[in-house]
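All of these numbers come straight from a predicted model, not from anything done at the bench. Counting convention: from 1, in listed order, for ligands and their atoms alike. Positions are given from 1, in the same order as the sequence printed here.
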Amino acid sequence: MSDKQNEKEVKGGLSRRGFLGASAVTGAAVAATAFGGAVMSRETWAAAVKEAKNKVHVAPGELDEYYGFWSGGHQGEVRVLGIPSMRELMRIPVFNTDPATGWGITNESRSIMGEYYPNGDCHHPHISMTDGRYDGKYLFINDKANTRVARIRLDIMKTDKITSIPNVQAIHGLRLQKVPHTKYVFCNGEFFIPHPNDGSSFDLQADNSFTCFSAVDAETMKVAWQVIVDGNLDNTDADYTGRFAASTCYNSERALDLGGTMRNERDWVVVFDVHAIDKAIKDKKYVMMDGVPVVDGRKAKNSPFTRYIPVPKNPHGCNTSPDGKYFIANGKLSPTCTVIAIDKLPDLFAGKLKDERDTVVAEPELGLGPLHTTFDGRGNAYTTLFIDSQLCKWNIDEAIRAYKGEKVNYIKQKLDVHYQPGHNHASLTESRDADGKWVVVLSKFSKDRFLPVGPLHPENDQLIDISGDVMKIVHDGPTFAEPHDCIMCRRDQIKTKKIWDRKDPFFADTVARAKKDGVNLETDNKIIRDGKKVRVYMTSMAPSFGITDFTVKQGDEVTVTITNIDQIEDVSHGFVMVNHGVSMEISPQQTSSVTFTADKPGVFWYYCSWFCHALHMEMMGRMMVEKA
Ligand code: RUQ
Ligand code: CUA
Ligand code: CA
């Protein structure tokens, strides 16, 4: 179907389910019902289906054009997808426990995780940048549930740092400094709490109750500084000069109840002057709180660090346009998006504007429940409308002209999506390279889109072709709870290792321990007894472990350290100790270790859990536990 035809049908007002049926459903038989007997001939329908199928079809053996990184929501992991096929390539455990890789079980992962929680709630995955372009080095993600920020190394696709953020509760919005490079990870504390939060005060309206905007140093992963704010913070983004970051606040009311949070007609976009904050930190003009330098950015304190721009009502998403010109706040309870001109912000901070609202250059009315906006690099914005279940494409320049009073229709298309969309994300949209090829809409409800699987439904992540004038849904992607957000980059922007480097810092502590024990990990198979502690060092090479039996005493604390000396790509081994809750991955040239108590007397088999060889089943050994 040509874009012209498609457009005609869009304007012709097809039924909601009908229009999306056009792209997603295969088989001409469905056509008649899907379109409710409207506009499309059987031939046009067949052509549309074919075109859509061709676009997303990545033939067996061919590679996708883009990497997609999906957050796992309250499931706690990050998932790696290929786009446009939407094939899941890998899962990266982050805040969760993962038996396949031993994340949360091995010593290496537990030392990265710090204080152990069995859960996490990650929303916002973002790739590190240099000069406003993805550099493929790291991916950062928040944990709302336990107030943490994690970093994933993209060369090995493993989490390598997790930082707990003090002085706040629930890190929600997270974005990265884009320019000159990702020095800071900006993260929003959502809920305000008393300080100190030690049970001495429960008065959340008091002056000592607040939340903070935090900057985490992307290399050290230490909190560089925090800014006390009024109200709370929701989402955030940074600009292309390196000076500003902006966050939405839905609770300017400082309310504790639902009704209260909706009292004000306008809440805020809080703008942070990163340079001014950096300078105050350098000049030692801060207070220390829980080891972090903190400055006060509250409204009433007339702070040099912040400005509060009133925007309607309970705003949610905050998105920087890839031309670097605008912060866009998504109205949620207002049908509008607010467009803030970043080049007016220096004047706002310098006190040269009469009103904070003088930075607003457009406030287009888009539809019900605007949540997030993404961009195609051609001047168009795409906003999800949660309540309308639509994706609204609009032109930013035209919205600005309309705001000045010109009669122009800035809305280009509204596309039904299925259903209740939250985030959306266009290819390369957070960088200067926004290329306007694909947008993913992450819908919270899937209702009738898939085979039913009981009361708990999957989410539905729809892939939409935005390369032409008209948006077309080309794929429905059911996902498990709950990819709040995703990010897509070109495949050449990520360079991964095929096998581990023996010097990798990921297992450096384990290597240091082995050295202390006089063990050469690549050659030695040794058992070291140290009172009630037993350290078993072995190699693995398909299809055998370097040690096939060892004996310990009931109650011993056993540490098994395995080095996979295979050098062949893809030959990963595993280690499972039966009836002990022990499981881990050992990929080529990797060292992994796990510590457990041998608390039951008897014989226990261990085996390799990653299929590595024709004799994989035979890759096994035994632990004898002598009765105490
Ligand atoms: S937020 S559905 Cu957690 Cu990113 Cu908007
Ligand atoms: Cu080693 Cu399976
Ligand atoms: Ca509010």
Side-chain angles (χ1 to χ4, degrees), residues 70-71 73-74 121-126 141-145 170-175 187-188 190 230-237 247-268 310-319 329-334 369-374 383-386 420-425 441-445 459 482-487 538-546 562 564-566 568 570-576 584-588 606-621:
W70 258 241
S71 87
H74 43 295
D121 183 8
C122 48
H123 293 208
H124 302 116
H126 294 286
I141 193 157
N142 70 303
D143 171 21
K144 177 165 170 174
I171 293 296
H172 183 234
L174 175 147
R175 288 289 171 94
C187 30
N188 285 344
E190 185 169 347
D230 258 324
N232 67 359
L233 297 173
D234 194 351
N235 280 289
T236 184
D237 207 345
S247 299
T248 47
C249 161
Y250 63 79
N251 192 8
S252 61
E253 300 88 347
R254 285 172 65 85
L256 304 174
D257 61 308
L258 177 67
T261 62
M262 299 187 286
R263 207 181 308 120
N264 293 348
E265 274 316 306
R266 281 175 175 166
D267 293 289
W268 298 307
V311 300
K313 175 178 192 181
N314 291 36
H316 182 60
C318 183
N319 305 91
N330 298 251
K332 193 166 77 186
L333 296 190
S334 158
L371 287 190
H372 292 278
T373 296
T374 192
T383 301
T384 48
L385 303 173
F386 181 81
Q420 269 65 50
H423 275 272
N424 54 3
H425 193 96
V441 169
L442 298 97
S443 293
K444 307 289 187 191
F445 290 65
E459 269 77 63
E482 181 199 335
H484 284 251
D485 194 4
C486 67
I487 187 165
M538 65 174 100
T539 56
S540 69
M541 186 174 210
S544 51
F545 291 114
I562 302 181
N564 181 348
I565 55 174
D566 269 304
I568 304 161
D570 217 356
V571 182
S572 293
H573 298 293
F575 176 82
V576 167
M584 64 186 182
E585 161 211 2
I586 321 114
S587 280
Y606 53 88
Y607 67 90
C608 173
S609 51
W610 282 88
F611 212 109
C612 55
H613 190 273
L615 293 169
H616 157 79
M617 288 301 291
E618 287 81 349
M619 188 165 171
M620 60 195 173

Value for OG (S71) from CG (L174), rounded to nearest 0.5 Å, stands at 11.0 Å
May I ask you to list the atoms of ligand 1 that are less than 4.0 angstrom from any heavy atom of K444? 2 (S)
Run the ring pair (Phe, Tyr, Trp, His ring centres under 6.0 Å) check on H423 and H123 step by step: do they pass? CA-CA 10 Å; H423 275 272; H123 293 208; 8.1 Å; no
Centroid-to-centroid, H616 to H573, below 6.0 Å? no
Hits for ring-ring contact (aromatic ring centres under 6.0 Å, His included) against Y250, two or more places apart or cross-chain, chain-then-number order -> none
Closer than 2.8 Å to atom 2 (Cu) of ligand 2, do we get an N, O or S atom from W610, backbone or side chain? yes
Backbone or side chain, does C612 get an N/O/S atom under 2.8 Å to atom 2 (Cu) of ligand 2? yes
For residues H372 and N319, is any side-chain donor paired with an opposing acceptor at under 3.5 Å? no
Checking H316 against D234: is there a side-chain donor and acceptor pair closer than 3.5 Å? yes
What pair of heavy atoms forms the shortest contact from Y606 to M538, and how long is it? OH-CE, 3.8 Å
Heavy-atom nearest pair, N330 first then L371, reads CB-O, 3.3 Å
Among the N/O/S atoms of H616, which is closest to atom 2 (Cu) of ligand 2? Give the atom name. ND1
Please state whether K144 comes within less than 4.0 angstrom of ligand 1, counting heavy atoms only. no
Count, excluding waters, the protein N, O or S atoms that are closer to atom 4 (Cu) of ligand 1 than 2.8 Å. 2
Side-chain heavy-atom pair H126, D485 within 4.5 angstrom cut-off: yes
Side chain, backbone, both or neither: which part of E482 has a heavy atom under 4.0 Å from ligand 1? neither
